Every structure is written in C-alpha cells, then in structure tokens.
Amino acid sequence: MQQVGYHQPNKVTELPDEGSVLSAIQVADRIIVLRKHGIQRLKLEGGQTDLVYRFDEPALFGDLLAAADGSKIFFSVTLSDAKAPFSMATRIGSYDPVQEVVNPILYVLQDVRILGPTSDGLGLYLLPVGQDPDFGAVLRFDLRSNKMKEELPILGTLYASLAPDASLLAVAAFTSTVGDHLEPMLKLYDLR
C-alpha cells in the first residue's frame, strides 16, 4: 500500500506468498522483502515482484541491513539445524540491488545478527545471540578470507548498534547499584 498524507491508501501490488515477512527495506525505487522462503524484490514503479533468492530451508527469523552507500543489502536468516550446538544456524549473504545478484557469504552453526560492515568494507561485525540476554563478544568476519578473524571482548545486554562509519559500537548494559536496583547505561567501544 502507498499513502500520502491523509489521503486514502492506494494498492501498489500484492506480493506472492513466500511465507511470513521477516524484514523489509527500501533502496531507491525498490523494496526488498525478506520472507520465510526467500528474498523478494518489489519495483515501486509498476508493482512488479520477483523472488530473487530462495532459501534451501525455511527461515525462522531474519533481518536486512543496507550498507551505508546503498551498494549492498546484507541479509541474515536463522534456520533450524540439528548439527548446531543449540539447533540454530545462520545464513548470511548480500544482495546487489543494481546488478540484482545474491552472494551467499557465510553459514555458521550458531545464531548471529549482522551489526554491519567494517569501516573498510572488507569484513562484517556479527553479534552472537543466545538464550542469555548478556553477551561478552562481537565477532569480526573477514570477507576476503571467508573466516572469522577475531572475537572482540565487548560486554553488553540485548542490544548493540554500529555507527554508520563503523568507528564506534554502542551497546546497552546494566550496572548494579545499592540493593537490587539495576542502573541502565550505554557503553561506547572505539573499533578503530
């Protein structure tokens, strides 16, 4: 649907059913939609839709993240995998909206979330996700060697957000004060 101001909404198109909508992002005149079974592209002009990538397994969760310059859209989907220690794995890839090409990047036997690309664009920062809301590390994946490069000792709770230039990482944290009261705080890590 498209709606301008208080005017009635107009139907742009209907998306073919590819399962639940997990995430969506607009890049120029296109909307990229992450679905349970794959990635769809919707052209706003004319309403044409295409399935640009089909997943081998249905996604449980997922997210899309645009690179700062808009040249790539990174996707991550969490899948069931009995070989993984906690039965969840993550598939990460990128979609080039100009060339309309999907590039699988990584399959890891744990649940991770993409925080964003490194400042030089040659790596990705990943946040391991588990049952405990606290985390003690952020991973840096090298796109050239296709290997986990390092585990950064970063402490936080639930949330982490990468600055657009990838120089700083902000994480939520709590510190205990007198008694059982927890005081929320924001920690900034300099990644340079």
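Start at 1 with the first residue, then count along the sequence. Model, not experiment: these values are computed from the prediction.
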Looking only at heavy atoms, what is the nearest atom pair of L115 and L162, with distance? O-CB, 3.6 Å
Tightest non-hydrogen contact, residues P97 and V27, listed as CG-CG1, 4.1 Å
Flag yes if more than 12 heavy atoms outside K43 fall under 6.0 Å of its NZ atom; otherwise flag no. yes
Any side-chain heavy-atom pair from L143 and F141 closer than 4.5 angstrom? yes
Over all heavy atoms of both residues, which pair between S119 and A166 is shortest? Give the atoms and the distance, please. N-CB, 3.4 Å
Any link between Y125 and I114 through a network of hydrophobic side chains (Ile, Leu, Val, Met, Phe, Trp, Tyr) touching at under 4.5 Å? no
Determine yes or no for a side-chain-to-main-chain donor-acceptor pair under 3.5 angstrom, with Y53 supplying the side chain and G93 the backbone. no
Let me check something: do F75 and L51 share a hydrophobic cluster, defined by ILVMFWY side-chain heavy atoms less than 4.5 Å apart, either directly or through other members? no
Note, M148 side chain near L106 side chain (heavy atom, < 4.5 Å): yes
Do Q40 and E18 have side chains that get closer than 4.5 Å, going by heavy atoms? yes
Does this structure show an ion pair linking R91 with E57, if we count only N-O contacts that are shorter than 4.0 Å? no
So do L169 and V138 actually touch side chain to side chain, heavy atoms under 4.5 Å? yes
Gap separating the CG atom of D134 from the CG atom of L158, nearest 0.5 angstrom: 8.0 Å
Taking everything shown except Y107 itself, do over 12 heavy atoms lie less than 6.0 Å from its OH? yes
So for atom CD, which belongs to Q8, do other residues, nucleotides or ligands contribute more than 12 heavy atoms lying within a distance under 6.0 Å? no
Side chain to side chain contact (heavy atoms under 4.5 Å, CB included) between L109 and D81, intermediate numbers included: CA-CA 8 Å; L109 293 175; D81 189 328; 3.5 Å; yes
Going only through I, L, V, M, F, W and Y residues with side-chain contacts under 4.5 Å, is there a path from V171 to L191? yes
Kindly compute the distance separating CG (L34) from CG (L22), expressed to the nearest 0.5 Å. 5.0 Å
Look at the side-chain heavy atoms of Ile, Leu, Val, Met, Phe, Trp and Tyr, link any pair under 4.5 Å apart, and say whether I32 and F55 land in one connected group. yes
Any Lys/Arg nitrogen of E100 or R30 sitting under 4.0 Å from an Asp/Glu carboxylate oxygen of the other? yes
Okay, side chain of T90, backbone of V112: is any donor-acceptor separation there less than 3.5 Å? yes
How long is the span from the CD1 atom in I31 to the OG1 atom in T49, to the nearest 0.5 Å? 12.0 Å
Heavy-atom side-chain contact between L155 and F135 under 4.5 Å: no
More than 12 heavy atoms of other residues, nucleotides or ligands under 6.0 Å from NZ of K36: is that the case? no
Checking side chain to side chain contact (heavy atoms under 4.5 Å, CB included) for the pair E150/D142: CA distance, chi angles, key distance, verdict? CA-CA 9 Å; E150 62 186 321; D142 187 298; over 6 Å; no
Within one Ile-Leu-Val-Met-Phe-Trp-Tyr cluster: I39 and I73, side-chain cutoff 4.5 Å: yes
Side chains of L60 and V77, heavy atoms from C-beta outward: is any pair under 4.5 Å? no
Check: G47 main-chain N/O paired with T13 side-chain donor or acceptor under 3.5 Å: yes
The criterion is side-chain contact (heavy atoms from CB on, under 4.5 Å); which residues satisfy it with D63, sequence neighbours excluded? S23, S76
Using every non-hydrogen atom in the two residues, find where A67 and F74 come nearest and quote the distance to one decimal. CB-CE1, 4.2 Å
I need the minimum non-hydrogen distance between L186 and A170, along with the two atoms involved. CD1-CB, 4.0 Å
Between R35 and D17, does any NZ, NE, NH1 or NH2 come within less than 4.0 Å of an OD or OE carboxylate oxygen? yes
Donor-acceptor check, side chain of D50 to backbone of V52, threshold 3.5 angstrom: yes or no? no
Rounded to the nearest 0.5 Å, what's the gap from CG on L65 to CZ on R113? Could you check? 9.0 Å
Does any part of the side chain of P128, heavy atoms only, come nearer than 4.5 Å to the side chain of D111, both counted from C-beta? no
Separation between CG of L122 and CZ of R140, rounded to the nearest 0.5 Å: 9.5 Å
Side-chain donor/acceptor of Q2 to backbone N/O of V4, under 3.5 Å: no
Could you tell me the separation between the OG1 atom of T78 and the CD atom of Q110, rounded to the nearest 0.5 Å? 10.5 Å
Under 4.5 Å between any side-chain heavy atoms of I154 and K187, yes or no? no
Taking atom types as modelled, is there a side-chain donor on Y95 or N103 under 3.5 Å from an acceptor on the other? no
